[in-house]
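A short worksheet on the structure shown next.
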Protein chains: 2
Amino acid sequence: MALEHAILVSLAEKTASGYDLARRFDASIGHFWKASHQQIYKVLGRMESDKWVESHLVAQDNRPDKKVYSITGEGRDELHRWLSLPTPIEALRSEFAVKMRGIRFGDQEAVLADVHVRRAAHAAQLAFYEANAAKHYPDPASLKNDELGAYLVLRAGILAEQHGLNWCDEILQVFGSER
Amino acid sequence: MALEHAILVSLAEKTASGYDLARRFDASIGHFWKASHQQIYKVLGRMESDKWVESHLVAQDNRPDKKVYSITGEGRDELHRWLSLPTPIEALRSEFAVKMRGIRFGDQEAVLADVHVRRAAHAAQLAFYEANAAKHYPDPASLKNDELGAYLVLRAGILAEQHGLNWCDEILQVFGSER
DNA sequence: GGCGCATAGGCAACTAGTTGCATAGCAACG
DNA sequence: CGTTGCTATGCAACTAGTTGCCTATGCGCC
């Protein structure tokens, strides 16, 4: 499982409560690794027994108490070890691709309507990423070391959305329904 | 779950035994939906009780008997229904992206070596897809209706590998280790 | 004759992840 | 004063998928 390691990366960047992590997994990190808050709390518990992270309770004004987690030395060792491991090629699973493969067994118009919806979603996400890139990394040539990771995955997001957009355009072109 | 639907698409194209399906999920379909043979046999059993598929035993010479599955009318109805449903945006999960985000917490050289390995894998897969495309679809303009699905996902494969390749190149360029 | 390999089908145990729900404090709205 | 909504944490039950193992036929190789 890599959720542990995604959490380690996130906690290495900045300490956080389970709730904070859940929000990070809804936003920045969530663009390349999704996790529900239930899953996060469960895994945090296991990681704490493994001594990869430790927590302390923080009382807050006007809000419930929270448990702030931070990465331990052991956690950093594990992260370092994992980063040097060869990454297995991930099994990509695309329900959308399954549909495209089977398009001739369904209602072509309905499927193409879905393609249009996806195309719009890719375009919107691409615009969001590009605005982000322009705002936070106006000068990629002079990036600091601690910004490189976030920059690289933002670039991956941009490339991925362009890829998604291109494929949608090809599909629509093949069926001659560009509009 | 979409494995059922991936199997329905595959059986709608051509009847198959569980073993045949497992091989298809290792090859063509496997490029966008992975499944182990254990998972396939399990799901086929459920699909048969749901009347989406039916099987009959076929005795073979010099080989064990096999159970050949074919899609039923109900299965075709279900496939048709599913194809018209809006496709949820899939949660992409990239362990590799998690590593890139966390690269500063590990051994940079070791991680970049992994990037080189992945780059080579993408290049090889791209060459494989392109050879396939040249062989099977030399003239994309005159595709028959029953070839469109397979052609479109092959194009998706090509675009995806180019995307993977581009990202690896960007990473290596940022770290100035193109070699 | 033993070994590896391809074909063919499966079970059992486990892990990862999802869905649904529960609890609780406090703020803002009407 | 009740409802909605955000913060904050978590359990229970379930589903999907993985890992490891097993059976069996028959071929070719050494």
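Everything numeric here is computed off the predicted structure, so don't read it as measured data. Throughout, a chain's letter reflects where its sequence line sits, starting with A, and its residues are numbered from 1.
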*asked:* I'd like to know if A:E74 pairs up with A:K51 as an ion pair, taking the criterion as any Lys NZ or Arg NE/NH1/NH2 lying under 4.0 Å from an Asp or Glu carboxylate oxygen.
replied: no
*B:Y129 vs B:H31 aromatic rings, parallel, tilted or perpendicular, using cut-offs 30° and 60°?*
perpendicular
_Whole angstroms only, please: what is the CG-C1' distance between B:L57 and C:dG10?_
14 Å
*Map B:R23 and B:R93 onto DNA chain C by nearest heavy atom, then report which one ends up closer to the 5' terminus.*
B:R23
*In whole angstrom, what separates A:D20's CG from D:dC6's C1'?*
13 Å
_Residues B:D20 and B:R23 bridged, charged N to O under 4.0 Å_ = yes
*In the single-linkage hydrophobic clustering (I, L, V, M, F, W, Y; side-chain heavy atoms under 4.5 Å), do B:I89 and A:V115 co-cluster?*
no
*Atom pair distance, as rounded to whole Å: CG in A:L3 and C1' in C:dG17*: 9 Å
*What is the distance from CD of A:E4 to C1' of C:dT15, rounded to the nearest Å?*
11 Å
*C:dT7 C1' sits how many Å from B:K66 NZ, rounded?*
10 Å
*Between C:dA8 atom P and B:Y69 atom OH, what is the distance in whole Å?*
14 Å
*asked:* Return a single string for nucleotides 25-30 of chain D, one symbol per nucleotide in 5' to 3' order, where B is base contact, S is sugar-phosphate-only contact and - is none, cutoff 4.0 angstrom on heavy atoms.
replied: BSS---
*asked:* Please confirm whether the shortest side-chain N or O distance from A:Y19 to OP1 or OP2 of D:dT7 is below 4.0 Å.
replied: yes
*Nearest-angstrom distance from the residue atom CZ of B:F25 to P of C:dA8*: 17 Å
*B:K144 backbone acceptor or donor facing B:E147 side chain under 3.5 Å*: yes
*Could you state the CG-C1' distance from B:L21 to C:dG9, rounded to the nearest angstrom?*
13 Å
*Please check if any side-chain donor atom of A:S84 sits under 3.5 Å from a side-chain acceptor atom of B:D107, or the reverse.*
no
*Is B:R118 close enough and on-axis enough to B:F96, meaning under 6.0 Å and within 45°, for cation-pi?*
yes
*Counting only non-hydrogen atoms, which of residues 26-47 of chain B are less than 4.0 Å from DNA chain C?*
B:H37, B:Q38, B:Y41
*Rounded to the nearest 0.5 Å, what's the gap from CG on A:D50 to CD on A:E78? Could you check?*
9.0 Å
*Rounded to the nearest 0.5 Å, how far apart are NE2 of A:H122 and NE2 of A:H163?*
8.0 Å
*Return no unless some side-chain N or O of A:S17 is found under 4.0 Å from OP1 or OP2 of D:dT9.*
yes
